[in-house]
Visitor: 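The following block contains the structure, expressed as structure tokens.
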Amino acid sequence: MPRLRKIRRSFFDRSVHEVAPDLIGSLMLVNGVGGLVVEVEAYHHTDPAAHSYGGQTPRNGVMFGAPGFAYVYRSYGIHWCLNVVCEPQGSASAVLIRAIEPTAGIAAMQRRRGLTDPRALCSGPGKLAEAMAVTIAHNGLALDRPPFELREREAEPEIVAGPRIGITKAVDLPWRYGLKGSRFLSKPFKD
DNA sequence: TGGGCGATTCGCT
DNA sequence: GCGAATCGCCCAC
């Protein structure tokens with residue numbers, strides 16, 4: 001397997017609507033555990049569904065900082081969700097990582113998740129955070145340094161888009177992106 | 001200081 | 001398909 005090019009922090013210094021689809025197919029590892037990104041969602045600061053929409057708070061502070069850093073928050077009081085901050089500093093926009101196709105450290109993920117089916121390990125934002133052991137401790141960490149490792153995809157994949165999941169505002173915006181035909185999505189895309 | 005809510009998941013029907 | 005679990009965050013009081 002050829003050595004994949006490392007994703008630099010400048011990769012994220014672009015519109016979420018460019019970064020989000022460009023992340024599909026890339027390799028994301030945390031302490032060597034992870035796989036290929038197959039599903040993401042874009043959250044723009046002008047978007048009522050974005051955490052940053054109502055202004056800066058202690059929770060979402062990282063979103064207002066520099067691009068290329070991890071924004072981690074707790075969802076429903078139970079799960080952790082991993083985002084990557086995008087766009088020029090201060091625009092408070094991010095991409096939520098929603099699903100990953102496991103390729104590395106599968107045994108560790110199976111142990112953390114308490115199940116073995118590879119398709120169930122990372123098919124949802126809370127699931128992949130648990131499988132990759134992402135917590136609030138990762139909030140604000142740079143994505144181009146350990147424990148994170150991101151590598152560019154080799155070829156341009158076929159990408160599908162659709163409405164985002166689990167939100168109550170701006171529900172019609174088609175800002176969910178996925179790898180076409182992937183069996184590792186949190187939910188199938190409607191054709 | 002307190003109540004409502006949420007970028008979810010899982011088990012049960 | 002539906003609803004409970006579960007708790008940090010945030011704004012109103």
Side-chain angles (χ1 to χ4, degrees), chain A residues 12 15-24 28 30 34-35 37-65 67 69-87 91-102 109-141 143 159-179 182-190:
Chain A
F12 301 100
S15 160
V16 278
H17 302 302
E18 294 179 39
V19 176
D22 280 359
L23 277 173
I24 300 297
M28 175 176 284
V30 180
V37 177
V38 296
E39 182 183 338
V40 300
E41 284 178 359
Y43 286 88
H44 192 256
H45 67 284
T46 58
D47 163 14
H51 285 174
S52 56
Y53 182 70
Q56 187 168 358
T57 69
R59 172 172 76 142
N60 64 20
V62 172
M63 280 188 81
F64 289 78
F69 287 78
Y71 165 49
V72 181
Y73 67 91
R74 200 187 270 286
S75 173
Y76 289 86
I78 308 169
H79 313 285
W80 296 108
C81 293
L82 172 64
N83 300 251
V84 298
V85 179
C86 297
E87 310 216 356
S91 75
S93 302
V95 172
L96 169 67
I97 309 299
R98 286 194 55 90
I100 281 177
E101 174 180 340
M109 291 193 270
Q110 290 171 325
R111 187 172 62 249
R112 290 164 179 165
R113 295 274 296 123
L115 48 83
T116 57
D117 180 0
R119 292 174 58 173
L121 290 178
C122 297
S123 53
K127 295 179 184 179
L128 74 86
E130 182 175 43
M132 297 164 74
V134 170
T135 69
I136 193 65
H138 296 83
N139 191 40
L141 297 187
L143 291 158
I159 292 172
V160 288
R164 294 172 293 181
I165 294 176
I167 56 174
T168 58
K169 298 161 194 164
V171 293
D172 291 330
L173 295 174
W175 290 353
R176 174 178 178 238
Y177 302 92
L179 177 63
S182 172
R183 304 194 313 278
F184 297 89
L185 301 171
S186 66
K187 275 187 185 176
F189 282 78
K190 197 178 175 199

Visitor: Take A:Ile78 and A:Ile136, find for each the nucleotide of DNA chain C with the closest heavy atom, and name the residue whose nucleotide sits nearer the 5' end.
Guide: A:Ile78
Visitor: In terms of ring plane angle, is the pair A:Tyr73 and A:His51 parallel, tilted or perpendicular, where the classes change at 30° and 60°?
Guide: perpendicular
Visitor: Rounded to whole Å, how long is the line connecting atom CZ of A:Arg74 with atom C1' of C:dT6?
Guide: 9 Å
Visitor: What integer distance in Å separates A:Ile165:CD1 from B:dG6:P?
Guide: 17 Å
Visitor: Under a 3.5 Å cut-off for both contacts, is C:dT6 paired Watson-Crick or G-U wobble with anything, and if yes, with which nucleotide?
Guide: none
Visitor: Looking at C:dC10, B:dT8, B:dA7, which one has an atom nearest to any side-chain atom of A:Thr57?
Guide: C:dC10
Visitor: Under 4.0 Å, counting only non-hydrogen atoms across every strand here, what does A:Thr168 touch: a base, just sugar-phosphate, or nothing?
Guide: sugar-phosphate
Visitor: Using modelled atom types only, decide if a donor and an acceptor are shared between the side chain of A:Glu87 and the backbone of A:Val16 within a distance under 3.5 Å.
Guide: yes
Visitor: Could you tell me whether A:Glu130 and A:Arg112 make a salt bridge, using a distance below 4.0 angstrom between a side-chain N and a carboxylate O?
Guide: no
Visitor: Let me know the distance between CG of A:Leu121 and P of B:dT9, rounded to the nearest Å.
Guide: 13 Å
Visitor: Could you give the NZ-to-P distance, from A:Lys187 to B:dT8, as a whole number of Å?
Guide: 9 Å
Visitor: For a quick check, tell me whether the side chain of A:Tyr76 and the base of C:dA5 share a donor-acceptor pair closer than 3.5 Å.
Guide: no
Visitor: Given atom CG of A:Leu128 and atom C1' of B:dA7, what is their separation to the nearest angstrom?
Guide: 12 Å
Visitor: Judged by atom type as modelled, is there a donor-acceptor pair below 3.5 Å linking the side chain of A:Asn60 to the main-chain atoms of A:Gly55?
Guide: yes
Visitor: Send over the distance from A:Lys169 NZ to B:dC5 P, rounded to a whole Å.
Guide: 11 Å
Visitor: A:Arg164 has an atom CZ; how far is it from atom P of B:dA7, in whole Å?
Guide: 10 Å
Visitor: If the cut-off is 4.0 Å, is A:Arg59 near the phosphate of C:dC10, judged by side-chain N/O to OP1 or OP2?
Guide: yes
Visitor: Counting side-chain heavy atoms from CB outward, which of B:dT8, B:dC10, B:dA7 is closest to A:Lys127?
Guide: B:dC10
Visitor: Does OP1 or OP2 of B:dT9 have a side-chain N or O of A:His79 closer than 4.0 Å?
Guide: no
Visitor: Please give the nucleotide sitting opposite B:dA7 as a Watson-Crick or G-U wobble pair, both distances under 3.5 Å, or none.
Guide: none
Visitor: With distance as the sole criterion, is a donor-acceptor pair present between the side chains of A:Thr46 and A:His44 under 3.5 Å?
Guide: yes
Visitor: More 5' along DNA chain B: A:Ala94 or A:Arg113, using each one's nearest nucleotide?
Guide: A:Ala94
Visitor: Look at all strands and tell whether A:Leu96 reaches a base, only sugar-phosphate, or nothing, counting heavy atoms closer than 4.0 Å.
Guide: base
Visitor: Return the value, rounded to whole Å, for the distance between atom CG of A:Asn139 and atom P of C:dC9.
Guide: 10 Å
Visitor: Map A:Glu130 and A:Gly77 onto DNA chain B by nearest heavy atom, then report which one ends up closer to the 5' terminus.
Guide: A:Gly77
